[in-house]
Amino acid sequence: MSMAMVGLLAGMALGFAGYFGGFGAFLLVAALGAVGFVVGRLVDGDLEPGYFFRSREHEDRRR
C-alpha cells in the first residue's frame, strides 16, 4: 500500500471522527494513530526502542 493511500485513509478516519464525534474524538483518533505509527515502525525495524530511552547527557562530557 502506498504512503499516499495510507495518508488518505488516515485523513478520512480523522475527518469522520471529527465530524461525528467532535474535537475530542478527533484528538483521540490522532493520538492513537500516532501510537500505531510508532509501533508499526518499531515492528518493521525502522526504529529502535533505545531512541526513546537514551539520556540527554553525553557520556564523554566532563567538567
**Q.** Non-neighbouring partners of Leu42 that pass side chain to side chain contact (heavy atoms under 4.5 Å, CB included), sequence neighbours left out
**A.** Val38, Leu47, Pro49, Phe52
Q. What residues form a side chain to side chain contact (heavy atoms under 4.5 Å, CB included) with Phe16, not counting sequence neighbours?
A. Met12, Phe20
(Q) To check you understand the geometry: which heavy-atom pair defines the closest contact between Ala25 and Ala17, and what is its length? (A) CB-O, 3.6 Å
Q: Any chance you could pull the hydrophobic cluster mates of Val39, using side-chain heavy atoms under 4.5 angstrom and chaining through other members?
A: Val35, Val43
Q. Apart from Val29 itself, what residues make up its hydrophobic cluster when side-chain heavy atoms of I, L, V, M, F, W and Y under 4.5 Å apart count as a link, directly or indirectly?
A. Leu14, Phe23, Phe26, Leu27
